[in-house]
Amino acid sequence: MARPSLTIDTAAIEHNARVITRLCAAHGMTVVGVTKATCGHPEVARAMLRGGVAAIGESRLENIRRLRAAGIGAPMVLLRVPTLSQAEAVVSAAALSLDSELTVLAALSEAAVRRHRVHEVILMVELGDLREGILPDDLIPFTAAALQLPGIRVTGLGTNLACLGGVAPDRENMARLAALARAVETTFDLRLRWVSGANSSALELIAAGGMPAAVNHARMGESILLGRETVHRRPWPGTRQDAFLLEAEVIELKDKPSAPRGTRGEDAFGHRPEFADRGTVRRALLNLGREDADLEGLTPLDPRLTVVGGTSDYLVVEADGAPLHVGDRLGFTPNYSALLAAMTSAYVAKRTRIGAHS
Ligand SMILES: *Cc1c(COP(=O)(O)O)cnc(C)c1O
């Protein structure tokens, strides 16, 4: 096989989903398994569902449609707040969406009424990370307006952390979320089914018993896919970090100087990389580039290999004593960003295998 390939071990994903859903269940939380980094790969979703997730979370309608077309009947949650122009499609594809704009809710309401459906929404509130979310001071008037919309059922309050601003969930911001949920419930005399506070950044807080009891809903992606919490990116105890393997082929292998020669300007991507002169080194070129993966996010399986850098179509690896040959396929573990890029790239072949249970 000439192309780079990404092999997905569905048994590892199922195992990780089981570890994460059991932990969350022990703390009263229901888990949505997030497949977006795999572009809604049906086998990944099936593995998560076997491992115990209650629903599948996706950021894009295309991915939800892909999952439905593959015959997956589980509830689907749209994670990215919907575009105004896609309200109709959102209502038909997902039973539940996360929302933060009244104009969009009004469009969802019209679409739901037209389709004789009830569309459930979790209102997203901003608690410090500064991505999506209603400001806490606006929550009560926002909710009052949302409750007037026919065809819309406000089923929850949620927040998203540790994504744009890198703000970790802690007892304080989670208590704030629980208090805001209580304020909505008492002001409007209703019960919110979901208080959705957690993604993979909340595992330490959950395991330490620091999550308020009111927070009963989690949306988990990276911890199930890659077996890591996302505050420190530490492997999560009992999970596997080997669910994805990216492989590419050695297409040139030579001893070369370690430092470039000549007048130095910018590289192909506008950076000015520094190279230490360490004499002559064994360098391998692979058929893997930025069109295939985020090269900074790759860890070679063989510890004697070091990623030096890469361009659109080449990855350059230094081989410290590793016995390589032209034509060898080398394996890398992708981080979240490299996984996302490799899954999205049309140049990377994807295949699934059911590896050994650990
Ligand atoms: C991507 C996403 C998640 C999943 O986050 P992980 O850190 O991968 O667990 C959860 N919620 C929302 C809103 C998301 O967009």
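Every number for a ligand or one of its atoms is a count from 1 in the order of the listing. Because the structure is predicted, anything quoted here is derived from the model rather than measured.
- The single protein non-hydrogen atom nearest to atom 8 (O) of ligand 1 is Glu222 N, 2.8 Å, given as residue, atom name and distance.
- At a heavy-atom distance under 4.0 Å, only side-chain atoms of Leu98, from C-beta outward, approach ligand 1.
- Side-chain atoms of Arg219 and Asn160 form a donor-acceptor pair, as typed in the model, at a separation below 3.5 Å.
- Linking Ile, Leu, Val, Met, Phe, Trp and Tyr residues whenever their side-chain heavy atoms come within less than 4.5 Å places Leu147 and Leu180 in a single cluster.
- Under a 4.5 Å side-chain heavy-atom criterion applied to ILVMFWY residues, the cluster that includes Val32 comprises Val34, Val77, Leu79, Leu96, Leu98, Ile122, Met124, Trp194 as well.
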For this session: Could you check Glu58 against Arg65 for salt bridge (charged side-chain N to carboxylate O under 4.0 Å, His left out), going step by step and ending with a plain yes or no?
Result: CA-CA 10 Å; Glu58 256 302 335; Arg65 291 196 197 104; over 6 Å; no
For this session: Go through the steps to decide whether His41 and Thr35 satisfy the test side-chain hydrogen bond (donor to acceptor under 3.5 Å, both in side chains), and finish with yes or no.
Result: CA-CA 7 Å; His41 196 290; Thr35 50; over 6 Å; no
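- With rounding to the nearest 0.5 Å, the separation of CD in Glu249 from OG in Ser5 is 10.5 Å.
- If you check which protein heavy atom lies closest to atom 5 (O) of ligand 1, you get Asn199 CB, 3.6 Å.
- Closest to atom 11 (N) of ligand 1 among all protein heavy atoms lies Arg219 NE, 2.8 Å.
- Within the 4.0 Å heavy-atom cutoff, Arg131 counts among the residues contacting ligand 1.
- Counting only heavy atoms of the protein, atom 12 (C) of ligand 1 lies nearest to Asn160 OD1, 3.4 Å.
- Where the criterion is an N or O separation shorter than 3.5 Å, residue side chain and backbone included, Gly221 meets it with respect to ligand 1.
- Of all atoms in ligand 1, listed by their number and element, those nearer than 4.0 Å to a heavy atom of Met220 are 9 (O).
- Among protein heavy atoms, the minimum distance from atom 9 (O) of ligand 1 is reached at Ser200 OG, 2.5 Å.
- Between the CD1 atom in Ile13 and the CG atom in Leu49 there is a gap of 12.0 Å [rounded to 0.5 Å].
- Residue contact check: Glu132 has heavy atoms under 4.0 Å from atoms 13 (C) of ligand 1.
- Among all protein heavy atoms, the one lying closest to atom 14 (C) of ligand 1 is Lys36 NZ, 2.9 Å.
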N/O donor to acceptor pairs below 3.5 angstrom from side-chain atoms of residues 310-324, sequence neighbours left out:
unit_1: Glu318; atom_1: OE1; unit_2: Arg278; atom_2: NH1; d: 3.0
unit_1: Glu318; atom_1: OE1; unit_2: Arg278; atom_2: NH2; d: 3.3
unit_1: Glu318; atom_1: OE2; unit_2: Arg278; atom_2: NH2; d: 2.8

